[in-house]
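Beneath this line is the structure, given in structure tokens, with notes to follow.
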Amino acid sequence: MGAKHFGARVTRLEDPALLAGRGRFVDDVKLPGLLHACFVRSPHAHAKLRGCDARAALIMPGVHAVMTADDLPEPMRDTPLPLLLPNPALNVPRTQTALARGEVCYVGQAVAVVVADTRYIAEDAAAALVVHYEVLPAVADCRAAAEDGGPGAHSDLTTNVASTFSLAYGDTDAAFADAAHVFREELWQHRGGGMAIETRAVLAHHEPVSDLLTVWSGTQTPHIGRRMLADLIGRDLQSIRVIAPDVGGGFGPKAIFYPEEAVIPAAALKLGRPVKWIEDRREHFLCATQERDQYWDVAIAVDGEAKILGVRGRMLHDTGAYVPWGIVMPYIAASTVPGPYVVPSYRLETVVVLTNKVPTTPVRGAGRPQAVFAMERLIDRVARELKIDRTEVRRRNLIQPEQMPYEVGLMFRDGKPLVYDSGDYPRGQDKALALAGYDDFRERQEAALEQGRFIGIGLANYVEGTGLGPFEGVTVRVLPSGKVAVATGATSQGQGTRTTLSQIVAEEVGCRLDDVVMTVGDTAAISQGIGAFASRQAVNAGSSAHVAGQAVRQQLIALAARALGVQETDIDLEDGVATAQRGNKPSIAFGDLARLAQGIPGVSLPAGQSAGIEHTAYYTPTQAAYCSGTHVAEVQVDAMTGGVKVLRYTVAHDSGRVINPLIVDGQVQGGVAHGIGNALLEWMQYDANAQPLTTSFADYMLPMATDVPTCAIAHVETVNPLNPLGVKGAGEGGTIPAPAAIVAAVEDALSPFGVRFAEMPLTPERIVATLRAAGAYDRLFAG
Amino acid sequence: MGKQATRVMVNGKSYARVVDARLTLADFLRHELNLTGTHLGCEHGVCGACTVLVDGRTARSCLMFAVQANGCAVTTVEGLAPDGQLSVLQQAFIDNHGLQCGFCTPGMLMTLTELLGDTPEPSEQDVREALTGNLCRCTGYAGIVAAALDAAQRLRGTVAKPGSP
Ligand code: FES
Ligand code: FES
């Protein structure tokens, strides 16, 4: 392939409008007669609904409607929202209804919606609504909830265990029985929310003349949303259009179909007016899905040379009150543990527990950061106990490039055997260590110690299954204006999807980047679509763009050869013009070819020519694309305050062939920031009654500009043999190993005190408490 | 609900409106004047997405009522590129990949506009500290910091603009 656009550090086509304040986010859409909605939400983690009095709310001027579950259309009224990812191991496939019926099971669950002239009035009226609750005992701690006999997260359930499953291969019993050494770790891991800076948003408008229901939604998955909405309100897919306009960050939680996405269209249909709902930040903390707690009890068996013989253990996953995405996250976590290492035997028992908290679904990384944390903590332990350098223990156990494709022995969540397609893990680790200055770190550390500064270094490796199916589509069409229209079911929440796909299409078709007109995130533009999650779009939509672009290139060449009276092999396509490379080089512009391709009314087309110049491709990957990488973190710890500063952060990563290094590096850097948040700051806390305690950015810390250094990034490009572009996903790798590397670095920095850490986030309080318990302050003050 | 007459100069244009006393400046800009470039990320004063300049100083438009801006001159992101020509800072955001979703971006631009006015030669630390009032979930800040330093340099004329000799 030529390298004019593909692989170039192209600045983004999205930027100028966003920089000028001309972005179009849901809340920027203005329609005549627009009404505003505010939801009434449960203040209790668990309660029976005992009626609702809307009289005071309804008489307030400017209030148009108060709707509870009874006011919703059939079948939405009683039907739970669809379970997107069913799994036979899921014993309690429970999802919520659009508005609560009978019982509420987490704080923030939607009970009613108020629609009014302004958001201000809607909020006043929502506060005036009287809902009667009979409070039930709430289940807050998944460890207690997993035991028999406690209260149920749902009053009709006799168990809170939604699923137990085990992923295993090889003979772990034999491995552990014969091992020279066995080490065990108990880990608490917590991940917070997605926390996109734009909150969720829905605007619905029914246009009676065409009977079209249009929904603008800040979603990662408009096509899936349309399907779910159609089922819930009993309409045809054709009469619903879902548009995800500019979306201010996704990170996973916006891939879910939420109650509000059903209720707002229902309200618009009922009232015959457009209705808008913009989530506020507090609602985002209460009702947007999160990841949250996992408890791991894992052990590793190694021989005398630190070669891994087996890993086994048990993991407890707090899934919240419902399972809209089934058990996908704990499943991914369980299958990610072996990672880049040769692990001859493996067994993990996973218990998924219902609690009275907001449901969990994937947040950037989706269970993988936890798995990598578990594995990397075990390997650090091996290194410490056997007194071998941490990098050397890893080196001895990494899968070698000549072992590719490497079959792990498990099934991945795509339903296919976990087989790494390609990769060079030792090279990745070496590159990262060199770039991080690992070899002279001990000198830096000693020098720092002499000045009374505690600095440390940590590393972590990972492998990530990206580019999951089932498919994504791209239509490429040459317009009579000479522009090239591209439509896709892929969506963009900041990943630069427009730019990346434009690069691929421009490369194939032979047009200028500026001539590509792209429609993303609109169900009217292409019939089938999936959307953004699992770092899947470069692989799926990218490959489709490539295939469709190639087909259109063929059509252009055939038409141009016929029009110019030359052989097809003579035609060159560049900058939107087809030129014959012979004679006096006659040429014809794409726009003219598009006009020719329309034919003449009543006249047959020449043999072999189809209508217009266009092609739609739906690339269907045979399996996940496995990207990989190594992260090295260097930190300084203030022993007195427990404050951690990340001094230096290095990434070597392999996302296959890179379409646009500017965008990929941006994804990595942003992912690392998210990982720093997970490692040190972000903690969604609940009290013993499952009341959320951290519901503002003052209580829940996001990383700031002073918390995140600019990363040094190296690319290891091993070509993925399974897709035409050779690419792998890049959206989450920045986040996945970050907590493991950072916590290891903190431990290393505090090695003079011999303290150990087995948790994330690692907050200042924990660091100080651990240092105190280890007697560090006696020594510091004595010294 | 108490209504109050308010006159505000926004991006050099004068507007007189009678508004609810409790209407925030952000909602006034976004929904009364249709200047939707100013964004709301938290409505409690932490994320900085709503940052505008009020009489030349940064202010959180989510924490101010429109009536408090009576008699003030407000600059929003739309005022940074009035003739459609991006400012040096905006161009530096493109060149340094200073934005992904673009939702935090208007606030970032306003904060950095103030910084570059006050401190023409900022250090990286100056930029990072100035940005602690603006959250970005997408970029990890590297591109934003690079853009600010790049813009400062271009504004001091020590580096030629791309395209010029
Ligand atoms: S919206 Fe004003 S600071 Fe977040
Ligand atoms: S670019 Fe998305 S929040 Fe900053």
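Everything quoted here is computed from the prediction, not taken from an experiment. All chains are named by letter (A, B, ...) in the order of the sequence lines, taking the proteins before the strands, and each is independently numbered beginning at 1.
Of residues 98-116 of chain B, those residues lying under 4.5 Å from chain A by any heavy-atom pair are B/Leu99, B/Gln100, B/Cys101, B/Gly102, B/Phe103, B/Thr105, B/Leu109. Contacts of residues 48-58 of chain B with chain A at a heavy-atom distance below 4.5 Å involve B/Ala49, listed in sequence order.
Nearest approach of A/Gln669 to B/Ala142, heavy atoms of both residues: CD-CB, 3.5 Å. For A/Ala705 against B/Leu131, the heavy-atom pair with the smallest separation is CB-CB, 3.7 Å. Heavy-atom minimum distance, A/Ile663 versus B/His97: CA-NE2, 4.0 Å. Between A/Ile121 and B/Arg22, the shortest heavy-atom distance links the atoms N-NH2, 4.0 Å.
Between A/Ile197 and B/Cys136, the closest side-chain pair of non-hydrogen atoms is not below 4.5 Å. Residues A/Arg281 and B/Glu43 are not in side-chain contact: their nearest non-hydrogen atoms beyond the backbone lie 4.5 Å or more apart.
Only the side chain of A/Arg119 comes within less than 4.5 Å of a heavy atom of chain B; its backbone N, CA, C and O stay farther away. With a 4.5 Å cut-off on non-hydrogen atoms, B/Ile94 touches chain A through its backbone and its side chain both. Residue A/Val247 touches chain B through its backbone alone, counting heavy-atom pairs closer than 4.5 Å. For chain B, the nearby parts of A/Gln667 are the backbone and the side chain; heavy atoms of each come within less than 4.5 Å. Only the side chain of A/Arg24 has a heavy atom closer than 4.5 Å to any heavy atom of chain B. Contact annotation for B/Leu89: neither backbone nor side-chain heavy atoms come within less than 4.5 Å of a heavy atom of chain A.
Remark: side-chain polar atoms of B/His44 are paired, donor with acceptor, to backbone N or O of A/Phe697 under 3.5 angstrom. The backbone N or O of A/Phe251 sits nowhere less than 3.5 Å from a side-chain atom of B/Arg137 that would complete a donor-acceptor pair. B/Arg128 places a side-chain N or O within donor-acceptor distance of the main-chain N or O of A/Val708, the cut-off being under 3.5 Å.
Judged as a salt bridge (charged side-chain N to carboxylate O under 4.0 Å, His left out), and not counting sequence neighbours, A/Asp707 has no contacts. With sequence neighbours excluded, the residues forming a ring-ring contact (aromatic ring centres under 6.0 Å, His included) with A/Phe39 are A/Trp277, listed by chain and number.
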